[in-house]
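We count residues from 1, following the sequence as given. Any value given below was found using the heavy atoms of this structure, including those in side chains, with hydrogens, waters and symmetry copies removed.
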Amino acid sequence: MTKVSCIIPAHNEEKNIRGVLDVVSKVSSEFIDEIIVVDDGSIDNTPNIVREFSNIRLIVNEKNGGKSFSIARGITESSGDFILMLDADLHGLRPEDIVSLIDPVKSGKATVSMSVRKNAPPWMKLIKVDLMTGERVFPRDIIMPHIKKVAALHSYALEVFINRIIIKNKCTIKSVYLKDVQDELKTTKKGLLAGVKLFVSMWRDILKTVSFWEWLYQNFALSRLVVRD
């Protein structure tokens, strides 16, 4: 029987993470075999909130290593055949959203699933794939050969690196529309100035991993791999 491991990286997410964990916990007994939160050196109450959930395993990074490092650590210590990757700052997440991400992959309808969130850019909704989404399900064995590279990636380069693997392996994709789900804007979470700095940092990290032209190509290539209903 195939197993699903849910990996949630978190850094100073005391305002948001409880809602995500509540939802994931509701479906864990039937659809998820283990839930792992990797706390990335939080200095707020995030790890204590995670400890309130008896069915969730907490891994704590002694110092902040970034999202990519945290995901790599979580995957390495997981036991599932499939990885469900979730962000910790989601709003509007429902149990049925989790099921809709897992089902196409576990049933063999697609190799991977990727969410299209409520606040995804309009052109990504048009091409039916969000190449920057943090909500994905994929086989563990497609990422493990690259896990050391994942751990060493710049924080915001994770998604485009995984996209590269998906495209190289010609993995079929199920785009899952999460109509009420959105992540918290960086300007909302950190304030205007800090949020703009984070946005710039995000693009700096992305462009250190893929060129702008490859980023554009990923939009096209991923869209070609989407399984149409």
Side-chain angles (χ1 to χ4, degrees), residues 1-10 16-38 53 55-57 71 74-75 77-120 124-144 150 158-159 162-163 165-183 218-219 221-229:
M1 182 178 294
T2 56
K3 296 173 60 178
V4 177
S5 297
C6 177
I7 312 296
I8 304 173
N16 300 307
I17 195 168
R18 189 187 302 277
V20 174
L21 298 185
D22 281 336
V23 172
V24 175
S25 293
K26 288 178 181 177
V27 299
S28 62
S29 60
E30 187 174 357
F31 296 96
I32 300 172
D33 297 279
E34 65 177 344
I35 305 168
I36 299 173
V37 173
V38 183
F53 293 81
N55 62 329
I56 296 177
R57 179 184 173 193
I71 287 288
I75 292 174
E77 299 200 25
S78 69
S79 60
D81 304 285
F82 299 108
I83 302 298
L84 164 62
M85 194 172 80
L86 290 178
D87 287 336
D89 63 346
L90 299 176
H91 296 269
L93 187 68
R94 304 169 301 168
E96 51 263 45
D97 296 325
I98 302 295
V99 176
S100 67
L101 282 166
I102 294 172
D103 181 68
V105 177
K106 201 168 181 180
S107 66
K109 295 177 182 177
T111 310
V112 304
S113 65
M114 299 170 60
S115 80
V116 179
R117 294 173 294 204
K118 179 180 179 180
N119 61 339
M124 292 185 184
K125 293 179 180 178
L126 182 64
I127 65 173
K128 302 184 185 304
V129 67
D130 180 354
L131 77 163
M132 302 302 296
T133 184
E135 292 75 63
R136 304 170 181 234
V137 179
F138 50 84
R140 185 176 186 269
D141 61 10
I142 72 167
I143 203 76
M144 281 305 297
V150 172
L158 176 67
E159 287 79 10
I162 295 176
N163 293 345
I165 294 171
I166 291 171
I167 293 167
K168 182 178 180 180
N169 288 278
K170 298 181 179 178
C171 300
T172 54
I173 300 168
K174 176 62 178 176
S175 285
V176 180
Y177 289 85
L178 306 182
K179 64 178 183 177
D180 297 318
V181 178
Q182 55 187 344
D183 58 338
Q218 286 189 0
N219 284 267
L222 292 172
S223 179
R224 290 286 300 269
L225 293 169
V226 171
V227 176
R228 311 293 174 177
D229 293 326

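Using a 4.5 Å cut-off on side-chain heavy atoms (C-beta onward), Ile7 and Leu86 make no contact. Counting heavy atoms from C-beta on, the side chains of Thr2 and Val4 never come closer than 4.5 Å. With contacts defined as side-chain heavy-atom distances shorter than 4.5 Å, the pair Val129/Met114 qualifies. Under the 4.5 Å side-chain criterion, counting only non-hydrogen atoms from C-beta, Leu101 is in contact with Ser115. Counting heavy atoms from C-beta outward, Val27 and Val99 have side chains that approach closer than 4.5 Å. The closest side-chain heavy-atom distance from Ile143 to Val150 is below 4.5 Å.
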Between Ser78 and Ile83, does a side chain to side chain contact (heavy atoms under 4.5 Å, CB included) hold up when you go through it step by step? CA-CA 8 Å; Ser78 69; Ile83 302 298; 3.6 Å; yes
Pair Ile127, Asn219 - check side chain to side chain contact (heavy atoms under 4.5 Å, CB included), show working. CA-CA 8 Å; Ile127 65 173; Asn219 284 267; 3.7 Å; yes
Can you check side chain to side chain contact (heavy atoms under 4.5 Å, CB included) on Ile173 and Leu222, steps first, answer last? CA-CA 8 Å; Ile173 300 168; Leu222 292 172; 3.7 Å; yes
If you apply the rule side chain to side chain contact (heavy atoms under 4.5 Å, CB included), what do you find for Asp103 with Lys109, and how did you get there? CA-CA 8 Å; Asp103 181 68; Lys109 295 177 182 177; 3.9 Å; yes
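In summary, Arg117 and Glu135 engage in a salt bridge, as defined by a charged side-chain N under 4.0 Å from a carboxylate O. Salt bridge annotation for Arg136-Glu159: absent, with no cationic side-chain nitrogen under 4.0 angstrom from a carboxylate oxygen.
Of all heavy-atom pairs spanning Ser175 and Val226, the tightest one is OG-CG2, 3.8 Å. Listed here is the closest heavy atom pair of Ile142 and Cys171: CD1-SG, 4.4 Å.
Between the side chain of Asp87 and the main chain of Asp89, no donor-acceptor pair closer than 3.5 Å is present. No donor-acceptor distance shorter than 3.5 angstrom exists from the side chain of Asp97 to the backbone of Leu93, with no hydrogens or angles considered. Using a distance-only test at 3.5 Å, with no hydrogens or angles considered, no donor-acceptor pair links the side chain of Ser113 to the main chain of Val105. Put simply, the side chain of Lys174 never gets that close to the backbone of Ser100: no donor and acceptor are under 3.5 Å apart. Counting only distance, with no hydrogens or angles, the side chain of Asn163 and the backbone of Gln218 share no donor-acceptor pair below 3.5 Å.
Atoms OG and CD1, on Ser28 and Ile35 in that order, are 4.5 Å from each other to the nearest 0.5 Å. Here the CG atom belonging to Asp33 is positioned 11.0 Å from the CZ atom belonging to Phe82, to the nearest 0.5 angstrom. Rounding to the nearest 0.5 Å places CG of Leu84 at 11.5 Å from CD1 of Ile36. In this structure, Ile162 CD1 and Leu131 CG are separated by 11.5 Å, a value rounded to the nearest 0.5 Å. Rounding to the nearest 0.5 angstrom, the gap separating the CZ atom in Phe138 from the CE atom in Met85 is 5.5 Å. Of the inter-residue distances, the one linking Thr172 atom OG1 with Arg228 atom CZ reads 12.5 Å to the nearest 0.5 angstrom.
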Side-chain donor/acceptor pairs under 3.5 Å, residues 17-25, sequence neighbours excluded:
{"unit_1": "Arg18", "atom_1": "NH1", "unit_2": "Glu52", "atom_2": "OE1", "d": "2.5"}
{"unit_1": "Ser25", "atom_1": "OG", "unit_2": "Leu21", "atom_2": "O", "d": "2.8"}

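In the model, His91 has no side-chain atom that pairs as donor or acceptor with a side-chain atom of Asp183 under 3.5 Å. Between Ser5 and Arg140, the side chains place no donor N or O within less than 3.5 Å of an acceptor N or O (distance only, hydrogens not considered). Side chains of Lys3 and Ser79: a donor on one and an acceptor on the other come within 3.5 Å.
Open room surrounds NZ on Lys128; 12 or fewer heavy atoms of other groups in view lie less than 6.0 Å from it.
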